[in-house]
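So the structure is just underneath, and the comments pick up after that.
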Amino acid sequence: MATSRGRIMAQMLDAAENASPVEAVEAVTRKLGAALGARSVAFLIADLSGRALVRLAHVPLDGTGAGRRHGDEVATVMPFDGGPAEQTLRSQTVQVVAQPDGWLVLAPVTDRGEAIGLLEMILPDEPLPRTLDEIARTAHVLAFVVIANRRYTDLFEWGQRTTPFTLSAEIQRRLLPGSFTCEGSSFTLSGWLEPAASVGGDTFDFSLARDLLHFSVTDAMGHGVASALTATLGVGSLRNSRRRAAGLVEQADAANAAVAEHSAVPGTFITAVLGRLDLHTGVCALLNAGHVPPLLVRDGDTRPLPLPANFPLGMFAGSEYQAGEIALQPGDRLVVVTDGMRERNAASLDLPAVLRSITGLHPREAVRALADAVLEVSGPTLADDATLLILDWHDGHSEQRRTSAGADQARASNPPPD
């Protein structure tokens with residue numbers, strides 16, 4: 001069995017490499033479907049809204065149906081409805097559903113907790129446990145195929161966009177990290193950006209070093225292209241200094257100077273929270289540059305973290321910055337939001353109460369639940385971007401993760417309540 005499994009995996013990887021980037025996923029799913037005798041196989045990619053799946057590529061294996069290709073492909077949006085597809089993505093577990101024409105199998109396509117989409121197939125017979133294990137592992141391989149090939153094509157990004165992007169939204173999108181979620185042995189992090197009708201310049205970012213986790217949440221003044229360009233200055237400067245191993249104060253100094261000197265709009269500034277977490281000790285350094293204070297959720301209690309006060313980045317060219325720190329305890333949750341979560345209609349949201357109600361959710365699901373809560377009180381069109389980042393501290397940086405097919409099963413959570 002192991003030899004057969006290895007041969008199938010090798011064939012799938014060869015198929016992915018031999019195919020063009022736009023057909024790599026189709027090539028992999030076709031190999032898997034043929035090996036399992038499946039009647040059909042489909043890859044469903046997660047929509048950028050986080051509230052739907054998109055049928056991006058469909059590969060009938062029995063000669064029926066129409067194959068889809070980039071260029072003439074119609075992306076079919078499948079909104080979440082609480083059914084098996086949504087349950088699979090949110091719980092990160094394989095689902096099997098009996099159907100009149102066979103057995104529907106849904107497997108999460110995930111890497112390090114980032115839910116990329118689903119692998120969907122119909123099998124003629126009820127799958128055995130070892131077959132489900134094979135499908136789960138293949139779905140994990142498919143995640144790497146998507147990650148590798150989306151560098152070369154717009155196909156996957158096109159499929160994820162159910163609404164057109166403005167120019168400012170396009171600029172803002174490029175400032176966000178390639179993955180919104182990351183799981184490690186000692187932490188889990190997830191970010192989310194719910195855009196306003198006119199983009200408000202929000203961003204979040206993170207990067208892992210060997211023993212450190214760097215993260216930031218920023219909010220550029222204004223809206224539209226001007227705000228997006230200011231955000232570009234800030235994020236570009238922060239990344240540049242971070243990649244030169246600069247500390248938080250040095251990062252803030254450099255970004256402050258960059259925005260003050262190069263911004264096309266005089267008086268423009270960026271509020272920000274910069275963080276650096278020691279993955280061995282749990283000590284988290286934080287710098288607040290005129291931003292909404294970070295929140296700490298500990299033992300069911302939510303409180304803002306007192307940090308040294310600093311001016312926003314770019315407000316005054318000669319500003320000096322100070323950082324504070326907190327020693328995180330296992331089970332702590334750190335939450336950073338932008339003012340779009342607290343302004344106008346969103347101010348009626350009881351944020352501490354919502355945070356208490358979702359303490360058991362994986363950060364990937366918690367950020368989505370918070371975004372949904374903001375939309376519920378503010379309406380479908382936000383006046384300002386609502387951005388959030390959630391960081392859970394587990395401790396035990398040296399321990400091995402307990403994962404299955406790209407997700408940390410020890411910390412998988414159920415979908416948030418209705």
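Values below: every heavy atom of this structure, side chains too, minus hydrogens, waters and symmetry copies.
Aromatic ring centres of Phe204 and Phe180 lie closer together than 6.0 Å.
A distance of 13.0 Å separates CZ in Arg112 from OG1 in Thr110, rounded to the nearest 0.5 Å. With rounding to the nearest 0.5 angstrom, the CG atom of Leu286 is 10.0 Å from the CG atom of Leu296.
The pair Glu120-Arg55 counts as a salt bridge, with a side-chain nitrogen and a carboxylate oxygen less than 4.0 angstrom apart. A salt bridge links Arg51 with Asp372: the distance from a Lys NZ or Arg NE/NH1/NH2 to an Asp or Glu carboxylate oxygen falls below 4.0 Å. Comment: Asp205 engages Arg242 in a salt bridge, judged by a side-chain N to carboxylate O separation of less than 4.0 angstrom. Salt-bridge check for Arg173 with Glu170: failed, with every basic side-chain N at 4.0 Å or more from each acidic carboxylate O.
Side chains of His394 and Thr188: a donor on one and an acceptor on the other come within 3.5 Å. When only modelled atom types and interatomic distance are considered, Thr338 and Asp202 share a side-chain donor-acceptor pair under 3.5 Å. There is no side-chain donor-acceptor pair under 3.5 Å between Trp158 and Gln160. In the model, Glu183 has a side-chain atom that pairs as donor or acceptor with a side-chain atom of His362 under 3.5 Å.
Side-chain contact between Leu370 and Leu355 is present, with heavy atoms from C-beta onward closer than 4.5 Å. The shortest distance between side-chain heavy atoms of Thr387 and Thr203 does not fall below 4.5 Å.
No side-chain donor-acceptor contact under 3.5 Å links Asp332 to the backbone of Leu328.
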